[in-house]
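Structure first, then comments.
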Amino acid sequence: MKRLQEGKRLYQALAVPEGLNGAVMEAFRHARRIKARSRGRLWTRAAVVASVCLCTAFAAVVNAFPALARELYDVPVLGYAARVVTFWRFEEQDEAVYIRVNMPALQNTGDTELERRINAEITRRVSERLTRAREEAALLYKAYLDTGGDPETYIPLEVTIDYDLKSSNEKWVSFVIESSETRANFYGEYAFYNIDMETGRELTLANLLGEDYLEVVNEAVRRGIAADEAANPGDLYFHDELAFETIRPDQGFYINQAGHVVVVFPKYEIAPGYMGMREFEILPP
């Protein structure tokens with residue numbers, strides 16, 4: 001009991017927000033606003049240091065007291081969210097690119113091999129994405145200079161990698177890693193992780209919805225599109241040859257707090273870009 005109380009005191013002192021991300025992202029946004037006003041290339045160090053210290057301190061508590069971390073699962077405010085933590089945070093900027101990364105890691109699941117496998121895959125994905133982004137940014141910058149552009153007015157390619165914990169309990173953990181690029185337009189990539197805590201395997205739509213999952217999901221998406229268009233006449237999905245027909249074999253999805261599957265369609269896939277990413281919750285019959 002004494003260990004649990006001490007853990008609660010440490011956690012409350014950290015004031016970590018729900019989802020472990022809100023305060024960090026607000027600090028980044030604040031620093032970006034300051035940067036925009038100053039038109040400089042240096043981040044406001046206080047915001048960055050505060051953000052890094054927040055997650056560093058939390059990770060230190062979890063890593064230094066693994067038994068305590070397991071006990072903290074009984075604290076309602078923390079719950080199973082401690083299974084997904086910010087493992088690596090950094091940012092860099094040069095004349096061609098501005099990069100911001102919040103990379104998650106799976107921890108404290110009781111399955112070392114599961115954590116090693118998932119975290120190695122996350123690291124590989126992020127590393128490959130950063131390599132592509134740097135190469136693309138360098139080419140864009142060179143093309144700009146080669147056509148007579150002024151380096152002082154160049155707008156760097158902005159690359160953000162972040163994650164969102166959707167749900168976590170004794171049965172599963174579900175989170176999404178988003179990689180986005182912003183310059184003249186926006187481009188996003190998404191990696192979905194839905195992990196069975198009992199088997200260590202990634203959950204599929206068939207696991208969660210049964211053998212008839214394809215028709216179940218397709219019908220739910222059709223109903224969702226019709227309901228959206230009826231409620232918002234100005235928001236029209238693609239029709240005719242571009243109309244939604246069926247989900248992809250690798251359809252992205254996550255599990256929400258209610259335990260329901262939510263299928264996700266990136267911008268431009270089934271609707272015009274101004275409608276953004278589209279999500280459809282699959283309710284039980």
Side-chain angles (χ1 to χ4, degrees), residues 7 11-12 14-29 51-52 54-63 66 69-90 100-111 114-123 125-126 129 160-180 188-205 207-208 251-264 266 277 279-282:
Y11 175 75
Q12 292 166 351
L14 290 171
V16 180
E18 183 178 355
L20 309 181
N21 244 2
V24 171
M25 295 310 299
E26 177 56 31
F28 280 133
R29 286 192 292 267
S51 301
V52 172
L54 178 64
C55 277
T56 301
F58 179 73
V61 171
V62 174
N63 293 331
R70 288 193 293 272
E71 292 176 329
L72 286 175
Y73 289 153
D74 294 328
V75 181
V77 70
L78 180 59
Y80 288 88
R83 284 180 169 166
V84 179
V85 299
T86 300
F87 173 72
W88 184 36
R89 172 178 294 108
F90 84 95
R100 180 178 67 194
V101 175
N102 288 320
M103 189 174 78
L106 194 64
Q107 294 186 1
N108 305 310
T109 65
D111 188 336
L114 169 64
E115 294 171 9
R116 185 202 64 77
R117 176 171 56 83
I118 296 298
N119 293 338
E121 179 182 336
I122 292 173
T123 301
R125 281 180 181 270
V126 171
R129 186 69 191 88
T160 301
I161 298 177
D162 204 352
Y163 70 96
D164 185 9
L165 177 63
K166 297 297 186 178
S167 63
S168 181
N169 55 41
E170 72 280 3
K171 295 181 180 180
W172 68 72
V173 60
S174 179
F175 60 100
V176 182
I177 299 178
E178 176 183 353
S179 171
S180 64
E189 293 181 2
Y190 306 88
F192 299 85
Y193 291 86
N194 304 287
I195 303 166
D196 188 322
M197 287 291 97
E198 295 181 1
T199 65
R201 297 177 180 175
E202 290 204 43
L203 292 164
T204 66
L205 290 173
N207 296 147
L208 295 164
Q251 183 67 45
F253 74 93
Y254 64 85
I255 307 170
N256 65 16
Q257 292 288 353
H260 301 158
V261 168
V262 179
V263 294
V264 179
M277 185 172 67
E279 301 186 358
F280 300 91
E281 184 177 15
I282 314 302

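Because only heavy atoms are used, hydrogens play no part in the values below, and waters and symmetry mates are left out as well, while side chains stay in.
Here the CD1-CD1 distance, from I195 to I255, works out to 10.0 Å after rounding to the nearest 0.5 Å. Atom-to-atom distance recorded for N102:CG and D164:CG is 11.5 Å, nearest 0.5 angstrom. In this structure, CD on Q251 lies 8.0 Å from CZ on F192, to the nearest 0.5 angstrom. Atoms CG and CH2, on L203 and W172 in that order, are 8.5 Å from each other to the nearest 0.5 Å. The line from NZ of K171 to CE of M197 is 13.5 Å long, rounded to the nearest 0.5 Å. With rounding to the nearest 0.5 Å, the separation of CG in D111 from CZ in R116 is 10.5 Å.
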Checklist entry - Could you go step by step and tell me if T160 and S180 meet the side chain to side chain contact (heavy atoms under 4.5 Å, CB included) rule? => result CA-CA 5 Å; T160 301; S180 64; 3.7 Å; yes

Item to check | Evaluation steps, side chain to side chain contact (heavy atoms under 4.5 Å, CB included), between I122 and L106 | outcome: CA-CA 10 Å; I122 292 173; L106 194 64; 5.9 Å; no

Item to check | Chi angles and distances behind the side chain to side chain contact (heavy atoms under 4.5 Å, CB included) call for I177, Y193 | outcome: CA-CA 8 Å; I177 299 178; Y193 291 86; 3.8 Å; yes

Item to check | Intermediate values then yes/no, side-chain hydrogen bond (donor to acceptor under 3.5 Å, both in side chains), Y163 and T86 | outcome: CA-CA 9 Å; Y163 70 96; T86 300; 2.7 Å; yes

Next on the checklist: Determine whether E178 and D162 satisfy the following criterion, side chain to side chain contact (heavy atoms under 4.5 Å, CB included), listing intermediate values before the conclusion.
Outcome noted: CA-CA 5 Å; E178 176 183 353; D162 204 352; 5.6 Å; no

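Not a single side chain to side chain donor-acceptor pair (under 3.5 Å) links E202 to another residue, sequence neighbours left out. With sequence neighbours excluded, the residues forming a side chain to side chain donor-acceptor pair (under 3.5 Å) with E115 are T109, listed by chain and number.
The cationic atom of K166 (NZ for Lys, CZ for Arg) does not lie both less than 6.0 Å from the six-membered ring centre of F175 and within 45° of the ring axis.
Nearest heavy atoms, M277 versus V264: SD-CG1, 3.3 Å. I282 approaches H260 most closely through the heavy-atom pair O-CB, 3.8 Å. Across A105 and N119, no two heavy atoms sit closer than the pair CA-OD1, 3.4 Å.
Pairs engaging residues 188-199 under the salt bridge (Lys or Arg N to Asp or Glu O under 4.0 Å) rule: R129-E189, R132-E189 [sequence neighbours left out].
Looking only at side-chain heavy atoms (C-beta outward), P104 and F87 stay at 4.5 Å or farther from each other. Counting heavy atoms from C-beta on, the side chains of R89 and V101 never come closer than 4.5 Å. Using a 4.5 Å cut-off on side-chain heavy atoms (C-beta onward), S167 and N256 make no contact.
Using modelled atom types, one side-chain atom of R117 and one backbone atom of G200 make a donor-acceptor pair closer than 3.5 Å. Remark: side-chain polar atoms of N194 are paired, donor with acceptor, to backbone N or O of F253 under 3.5 angstrom.
A salt bridge links E121 with R125: the distance from a Lys NZ or Arg NE/NH1/NH2 to an Asp or Glu carboxylate oxygen falls below 4.0 Å.
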